[in-house]
Student: 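Take a look at the following structure, please.
Position 1 is the first residue of the sequence; numbering continues from there. Basis for what follows: all heavy atoms, side chains included, without hydrogens, waters or symmetry-related copies.
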Amino acid sequence: MKLPASRCGALLCLLLGLTAPSALGQTGASRWTLSSTLRGTVTDNLLLGSTDGGADVTSAATLGLGFNRSHDRLSLGAFGWASGGLYSQSGRFNGVRYGLGGRSELRLNPRAAVHLITSYADGLNLEDLYATRLGLPQLDVKAFSADTGLTYKLTPNTSAGVTLDAFLVRYRADGSFDSATLPGDSLLPADVVPPVEGELPVAPVPPGVDLTGQVIAVLAGEALQTSSLDYWSFRTGASVAHRFSPRTGTTASFAYRRSYQQPETPPGQHFEGQLGVSRVLNDTTTVSFSYGAQDSRYPSRFSSHSLGVGAAKAASRRLRLDASLGASYLAGPDRERSWQIIGGAGFSLRLERTTLASRYQRNRYQSLFAARNYTTDSLFASFGHRFSRRLSLSAYGSGRAAYDARGEVGSYRTFLVGTSLGTRVKKRTSLGTSFTYQRFDRRPAPPVSRYVLSAFVGSGLSWR
């Protein structure tokens, strides 16, 4: 099976997404952003595929350009990036990677709005990651994503929406590649992402445009072990939200996904539905109830049902707490049945100069690429301190243990710890350094690890 979209087709869809509505807004506010980064890295195990990897030095330069425009009922955004890398020990991986994307949103009337988001990437934008910022150069990655939808306000308290999206990823590796070794930065909860002054972008990137985070999150979560993959899927869904009162609201959604992939695997279907109810008890406390169901129909079929309750409380202006608890029921092939406790807890504390955050979470993950089901235990923690208005330090760690419902073959453990020091130089320039250590263990293979020492200088400019 060949991929249904070529590079030309992806770029054509992207251009259509950017230009089709542009005639509707001839005037209005617009903003351009330009960013550049130079980074040097030293690591002892570049490919994280052996127990005695040799030292390697890499250098990379990344350039990004973004555009935002809004006028009356129309808003547009576009972003493109290009990155060149040089590897001292793996010179044949030297080259340039790039990506581009755009989004548009048009408010048809006070009740209805439509959106279109398109992205294409030839490679991974390593500057989109906070931790290792070290890609695996043996990967030849190409990805395309498109998302369109309509939202409509049925009544003052009720809104509905429909979406249709497609996602394509293709990679080739020199040998069997374990995608669980990818740094799953995008799997981190937003409130525990380490704050470092020098690492913050000078101007925000338009959301939903850069594919790097999406591709890495999907591959890391799937834990694939193969040297090549052609995967594409389309998904359609509908949702309804209703507020019974200013304090009580509910949401319901349903989605259907159809997926295809190579190496030869029969096409699969995935159904999912969710129901949630939330109640604001007071100005600081919210409670919620959720139910979710998933049904993956491949040659091996898994279905799951999950129930949970959660609470979030702003204990003060600086401290936020949250917790959830529930149960998940899994029905697998050959009449396999199992229950799991799911849920977690976390906090974030923001003082004048110091930030602390941590979260533990147990989830059940239904694979989209094949009939696999994982129970995952994840722990994240971060510390950030601002010595001055320009100088800041952070330390962070993350760990994940994934248990395959069908045995130990697909189970694995991984963790990462690191620290970063960043500073601002004048207004538009930042520089800093970071160190990370990552370890990955999937039995019966021996565990592998690597350290990454990196230094960078970056600058950004924004104008109207």
Student: Name all pairs fulfilling the salt bridge (charged side-chain N to carboxylate O under 4.0 Å, His left out) condition that reach into residues 232-251, sequence neighbours left out, sorted by first residue then second.
Tutor: D165-R235, R235-E272

Student: Using the ring of each side chain (for Trp, its six-membered ring), is F435 parallel, tilted or perpendicular to Y451, with breaks at 30° and 60°?
Tutor: parallel

Student: Near Q274 CD, under 6.0 Å, is it more than 12 heavy atoms from other residues, nucleotides or ligands?
Tutor: no

Student: With side-chain contact (heavy atoms from CB on, under 4.5 Å) as the criterion, how do H115 and R103 come out once you've worked through the C-alpha distance, each side chain's angles and the decisive distance to 0.1 Å?
Tutor: CA-CA 7 Å; H115 73 266; R103 63 180 296 132; 5.7 Å; no

Student: Do Y329 and L307 have side chains that approach each other closer than 4.5 Å (heavy atoms only, starting at C-beta)?
Tutor: no

Student: Drop me the distance from L379's CG to S358's OG, to the nearest 0.5 angstrom.
Tutor: 5.0 Å

Student: Take atom NZ in K313; do more than 12 heavy atoms of anything else shown fall under 6.0 Å from it?
Tutor: yes

Student: Of all heavy-atom pairs between F440 and A180, which one has the smallest distance, and what is that distance?
Tutor: CE1-CB, 3.7 Å

Student: Let me confirm one number: the CG-OH distance from N109 to Y152, rounded to the nearest 0.5 Å.
Tutor: 6.0 Å

Student: Which residue pairs pass the salt bridge (charged side-chain N to carboxylate O under 4.0 Å, His left out) test when at least one of the two sits in residues 273-295, sequence neighbours left out?
Tutor: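 Applying salt bridge (charged side-chain N to carboxylate O under 4.0 Å, His left out) to every pair that reaches into residues 273-295, excluding sequence neighbours, yields D295-R297, D295-R301.
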
Student: Do S35 and W81 touch side chain to side chain, with heavy atoms closer than 4.5 Å?
Tutor: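 A side-chain contact under 4.5 Å is absent here.
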
Student: Could you walk me through whether D230 and R172 pass salt bridge (Lys or Arg N to Asp or Glu O under 4.0 Å), step by step?
Tutor: CA-CA 9 Å; D230 291 343; R172 297 291 185 271; 2.9 Å; yes

Student: Go through T414 and T181 one step at a time and tell me if the side-chain contact (heavy atoms from CB on, under 4.5 Å) criterion holds.
Tutor: CA-CA 8 Å; T414 180; T181 61; over 6 Å; no

Student: Within a strict 4.5 Å, meaning less than it, do heavy atoms of the R258 and Y260 side chains meet?
Tutor: yes

Student: Measure across S328 and R364 and return the closest heavy-atom pair with its distance rounded to 0.1 Å.
Tutor: O-NH1, 2.9 Å

Student: Do the non-hydrogen side-chain atoms of L349 and T354 ever get within less than 4.5 Å of each other?
Tutor: no

Student: Short question: side chain of Q438, backbone of V452 - any donor-acceptor pair under 3.5 Å?
Tutor: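 A pair under 3.5 Å: no.
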
Student: Is the shortest side-chain N to carboxylate O distance from D140 to R97 below 4.0 Å?
Tutor: no

Student: Is it the case that S239 and S253 place a side-chain donor and acceptor less than 3.5 Å from each other?
Tutor: no

Student: Do you know which two heavy atoms are closest between A293 and H305, and how far apart they sit?
Tutor: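 For A293 versus H305, the nearest heavy atoms are CB-ND1, 3.8 Å.
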
Student: Before you tell me yes or no, could you show the steps for L275 and T250 under side-chain contact (heavy atoms from CB on, under 4.5 Å), namely the whole-Å CA-CA distance, both residues' side-chain angles and the distance that decides it to 0.1 Å?
Tutor: CA-CA 8 Å; L275 175 66; T250 182; 4.0 Å; yes

Student: Could you measure the distance from the CG atom of D377 to the CZ atom of R400? Nearest 0.5 Å is fine.
Tutor: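 Going from the CG atom of D377 to the CZ atom of R400 covers 11.5 Å.
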
Student: Under a 4.5 Å cut-off applied to non-hydrogen side-chain atoms, are L126 and S83 in contact?
Tutor: no

Student: Looking only at side chains, do T155 and N157 share a donor and an acceptor under 3.5 Å apart?
Tutor: no

Student: How far does OH of Y171 sit from CG of L219, to the nearest 0.5 angstrom?
Tutor: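 So the gap between those two atoms works out to 6.5 Å.
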
Student: How about T419 and L393: do any of their side-chain heavy atoms sit closer than 4.5 Å?
Tutor: yes

Student: Measure across F302 and L330 and return the closest heavy-atom pair with its distance rounded to 0.1 Å.
Tutor: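 Shortest heavy-atom contact: CD2-CD1, 3.7 Å.
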
Student: With no hydrogens and no angle check, is any side-chain donor or acceptor of S324 less than 3.5 Å from a backbone partner on G344?
Tutor: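 Indeed, once roles are kept as given, a pair shorter than 3.5 Å links the two residues.
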
Student: Any chance you could measure F79, atom CZ, to F67, atom CZ, to the nearest 0.5 Å?
Tutor: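 Separation between the atoms: 14.5 Å.
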
Student: What distance do S296 atom OG and F271 atom CZ have between them, rounded to the nearest 0.5 Å?
Tutor: 10.0 Å

Student: If you look at every heavy atom in N45 and S449, which pair is closest and at what distance?
Tutor: ND2-O, 3.1 Å

Student: Can you find a side-chain donor-acceptor pair between T43 and R450 that sits under 3.5 Å?
Tutor: no

Student: With under 30° as parallel and over 60° as perpendicular, where do the rings of W232 and F234 fit, or are they tilted in between?
Tutor: tilted

Student: Might you work through the side-chain contact (heavy atoms from CB on, under 4.5 Å) test for R39 and S454, ending with a clear yes or no?
Tutor: CA-CA 7 Å; R39 183 175 297 275; S454 179; 2.9 Å; yes

Student: Applying salt bridge (charged side-chain N to carboxylate O under 4.0 Å, His left out), which residue pairs with at least one partner in residues 314-332 are found, sequence neighbours left out?
Tutor: D322-R359

Student: Looking only at non-hydrogen atoms, find the nearest pair between A113 and L150 and report the distance.
Tutor: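 Scanning both residues, the minimum pair turns out to be O-CD1, 3.3 Å.
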
Student: Quick check: does any side chain N or O of T212 sit under 3.5 Å from a backbone N or O of N125, one acting as donor and the other as acceptor?
Tutor: yes

Student: Does a side-chain heavy-atom distance below 4.5 Å link F167 with Y231?
Tutor: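 Heavy-atom side-chain distance check passes, below 4.5 Å.
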
